[in-house]
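First comes the structure, then the notes that go with it.
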Amino acid sequence: MPLDIAVLRATPKVVEESQRKRFKDPAIVQQVLDLDAKWKQAISQLDGARKASRLVSKSIGAIISTAKKQKRQPSEEENAQVVKLKQDKATHDVLQHTLTAHEKDLKEQRDKLLNTIGNLVHESVPVSNDEEKDNAVIKKVGTLRANDENKLRHHHELLWMIGGYEPERGTAVCGHRGYFLTGPGVLLNMALQNYGVQFLVQRQYKPVYPPFFMDQAMMAKTAQLEDFDEALYHVTGESMDTPKYLIATSEQPISAMHHKEWLQPTDLPIKYAGISTCFRKEAGAHGKDAWGIFRVHQFDKIEQFVYCKPGESWTHHDEMLATSEAFYQSLGLGYRVVSIVSGHLNNAAAKKYDLEGWFPTLQRYRELVSASNCTDYQSIAMETRYGFNQQQTKQKEYAHMLNATLVATTRTICAILENYQTEDGIMVPDVLQPYMAGMKFIPFVRPPPTNKDKPRKHPAQKQQKQKPKPKPQQNVKDQSKNQNTKNAPKNDDQ
């Protein structure tokens, strides 16, 4: 994925400052511009060689044409000129071939380096490289369940007790983080998907069921280079087939859905509800969240994806976040919204919000939703243009692309289990009951699992034991957005 080279040429200092905000080396901007200057010089030389070759060809043609008009054979002198000119043309052709290869090599070098530069960081993003301390809390919403007597169970225990999954059988089949969802675990998973799709359709989103794998060349236009090592699974197929990768999110194929298309103002906005299974290696998360299904290699997700006019993406960003908030409010889950620090934005995002759900057992917030405005960063790679034809525009414009999770089912199941647990089982949120054959309560059907190691207690939980008069519940009112709110400690979720 690239930043527009025109932005570097016109405002290199702006791009350098954005790189500093990302805690990346700003020197890369000048390196790209140096390669760009060499490339433009190579283009000029190539154009000169092509022009010289055309002039030689024109001179040869003129000699032959003159002889034909005079209805005679070329003279010895003219033949000698033609031989000399053909030698010159051969020399120009060799030079042209060399310059073409040089120009192509310089462009590849420039673009490869350009693709590592991130999108321009929005001015409202908190500048820091420490997400644990400096992610800005925008708001807190809902009633947060307390765990004063330390009696609440962890989500992996609860999922086991309702007969909702088989972790050991899963790991025996596919290895680390493998699992079978069973019984009520499957019903919850399907209920969240069905309810989520309906939720988005009512808000004018069009359901899309995308391919679950992409060609390597197309994936490279939407995924960062490090994703190929840390997140993406390589798929091997027929010997003559192109390399392919399993998708880590439906955002990837949907961002390529309008590849090389020209979207008119009347086409936009286009709002898609991506429905997919997602596959992630989680190579950078070794040892994190080993319990249960919170962080797994395979999960289902409903994704919001929007194509819009360039001047409207920030409005859509807020609307997509509000849609996700409304979804979790309907589930009765407490949460907070944080603005992610500049140093932890992925390259495509100009700004990103996370919605973090409340997990009462360890008394902490965990990431459930990410909502990113990628402006024109992805559409440049996909050549998804905006506006009228080229003759009517002075410069290229690109549609803006945004993405936001509605529900990653496995994580949301974990949040529901912890927040809706009772001594005998799990209450089913009202909005999900129609999708679970009217089931209102899921009873425990087996004792808790035998844990070789107990989950580590969160510091907030340890501190509660020191309080003389703990409160049974902590009510948090919906707070308006305020970048100056006390900053949130960041979890290890991604």
Side-chain angles (χ1 to χ4, degrees), residues 1 3-4 18 21-22 118-127 131 135-141 196 199-200 203-206 208 222 249-252 254-255 257-258 263 265 267-274 301-329 335-342 344-356 367-382 384 386 397-408 478-483 485 488 494:
M1 296 182 291
L3 194 66
D4 193 343
S18 180
K21 289 181 178 180
R22 290 179 176 273
N119 202 348
L120 297 180
V121 176
H122 192 262
E123 60 185 7
S124 64
V125 173
V127 179
E131 59 179 348
N135 280 348
V137 177
I138 305 302
K139 62 169 70 171
K140 295 180 180 180
V141 178
F199 194 86
L200 290 183
R203 289 159 176 78
Q204 289 73 55
Y205 282 78
K206 182 179 181 179
V208 173
T222 190
T249 167
S250 64
E251 169 200 343
Q252 292 165 340
I254 296 176
S255 71
M257 196 169 173
H258 295 279
L263 302 180
D267 297 330
L268 303 173
I270 301 173
K271 301 167 70 176
Y272 289 127
K301 182 156 71 89
I302 308 299
E303 181 86 1
Q304 303 175 69
F305 197 97
V306 171
Y307 289 80
C308 72
K309 299 175 184 177
E312 297 179 356
S313 62
W314 293 108
T315 297
H316 284 288
H317 194 211
D318 289 338
E319 290 176 353
M320 294 166 78
L321 174 62
T323 296
S324 294
E325 287 191 64
F327 182 81
Y328 287 93
Q329 289 172 18
Y335 65 87
R336 71 180 180 186
V337 175
V338 299
S339 180
I340 301 301
V341 294
S342 56
H344 285 264
L345 295 175
N346 61 299
N347 278 359
K351 183 176 182 177
K352 183 172 79 166
Y353 292 119
D354 275 3
L355 183 152
E356 299 176 341
E367 178 197 330
L368 299 179
V369 169
S370 287
S372 299
N373 185 357
C374 299
T375 62
D376 60 1
Y377 195 85
Q378 292 173 313
S379 55
I380 291 170
M382 295 300 174
T384 305
Y386 165 77
E397 274 196 288
Y398 297 89
H400 279 201
M401 299 187 191
L402 306 94
N403 64 84
T405 313
L406 183 76
V407 56
D478 187 346
Q479 302 174 6
S480 61
K481 294 183 179 180
N482 182 1
Q483 293 289 353
T485 309
Q494 297 296 332

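The first residue in the sequence is number 1, and the count goes up from there.
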Item to check | Any donor-acceptor N/O pair, Ser18 side chain to Val121 backbone, under 3.5 Å | outcome: yes
Checklist entry - Below 4.5 Å, heavy atoms only, C-beta onward: do Asp354 and Asn135 meet side chain to side chain? => result no
Checklist entry - How about Phe327 and Phe199: are their ring centroids closer than 6.0 Å? => result yes
Next on the checklist: Let's go through Glu325 and Lys139 carefully: what are the C-alpha distance in whole Å and the side-chain angles of both, what is the deciding distance for salt bridge (Lys or Arg N to Asp or Glu O under 4.0 Å) to 0.1 Å, and is it a yes or a no?
Outcome noted: CA-CA 11 Å; Glu325 287 191 64; Lys139 62 169 70 171; 3.3 Å; yes
Checklist outcome for this item: Here the gap from Phe305 atom CZ to Ile270 atom CD1, rounded to the nearest 0.5 Å, amounts to 10.0 Å
Item to check | Side-chain donor/acceptor of Glu251 to backbone N/O of Asn403, under 3.5 Å | outcome: no
Item to check | Test log, rule side chain to side chain contact (heavy atoms under 4.5 Å, CB included), inputs Tyr335 and Leu368 | outcome: CA-CA 9 Å; Tyr335 65 87; Leu368 299 179; 6.0 Å; no
Item to check | Pairing residues for Ser250 by the side-chain contact (heavy atoms from CB on, under 4.5 Å) criterion, not counting sequence neighbours | outcome: Pro210, Ile254, Ser276, Glu303
Checklist outcome for this item: Between Ser313 and Asn373, the two heavy atoms sitting closest are OG-ND2, 3.1 Å
Next on the checklist: Tell me whether Arg22 contacts the main-chain N or O of Asn346 through its side chain, where contact means a donor paired with an acceptor under 3.5 Å.
Outcome noted: yes
Item to check | Under 3.5 Å donor-acceptor, Thr384 side chain and Ala399 backbone | outcome: no
Checklist outcome for this item: Here the gap from Asp376 atom CG to Met401 atom CE, rounded to the nearest 0.5 Å, amounts to 9.5 Å
Item to check | Residue pair Ile380 / Leu3, side-chain heavy-atom distance below 4.5 Å | outcome: no
Item to check | Minimum heavy-atom distance between Ser255 and Met382, given as atom pair plus value | outcome: O-CG, 3.3 Å
Checklist entry - Without hydrogens or angle criteria, can the side chains of Lys301 and Thr249 be said to hold a donor-acceptor pair below 3.5 Å? => result yes
Checklist outcome for this item: Hits for ring pair (Phe, Tyr, Trp, His ring centres under 6.0 Å) against Tyr205, two or more places apart or cross-chain, chain-then-number order -> none
Item to check | Check: Ala349 main-chain N/O paired with Ser372 side-chain donor or acceptor under 3.5 Å | outcome: no
Item to check | Between OH on residue Tyr307 and CD on residue Gln378, distance to nearest 0.5 Å | outcome: 8.0 Å
Next on the checklist: With a 4.5 Å cut-off on side-chain heavy atoms, are Lys21 and Val125 touching?
Outcome noted: no
Checklist entry - Does some side-chain heavy atom of Leu406 sit less than 4.5 Å from a side-chain heavy atom of Thr323? => result yes
Checklist entry - Between His317 and Tyr353, how do the two ring planes meet: parallel, tilted or perpendicular, split at 30° and 60°? => result parallel
Checklist entry - Does the side chain of Trp314 come within less than 4.5 Å of Thr375's, by heavy atoms? => result yes
Checklist entry - Hey, is the main chain of Thr405 close enough, under 3.5 Å, to the side chain of Ser324 for a donor-acceptor pair? => result yes
Item to check | ring pair (Phe, Tyr, Trp, His ring centres under 6.0 Å) partners of His316, counting only residues at least two apart | outcome: none
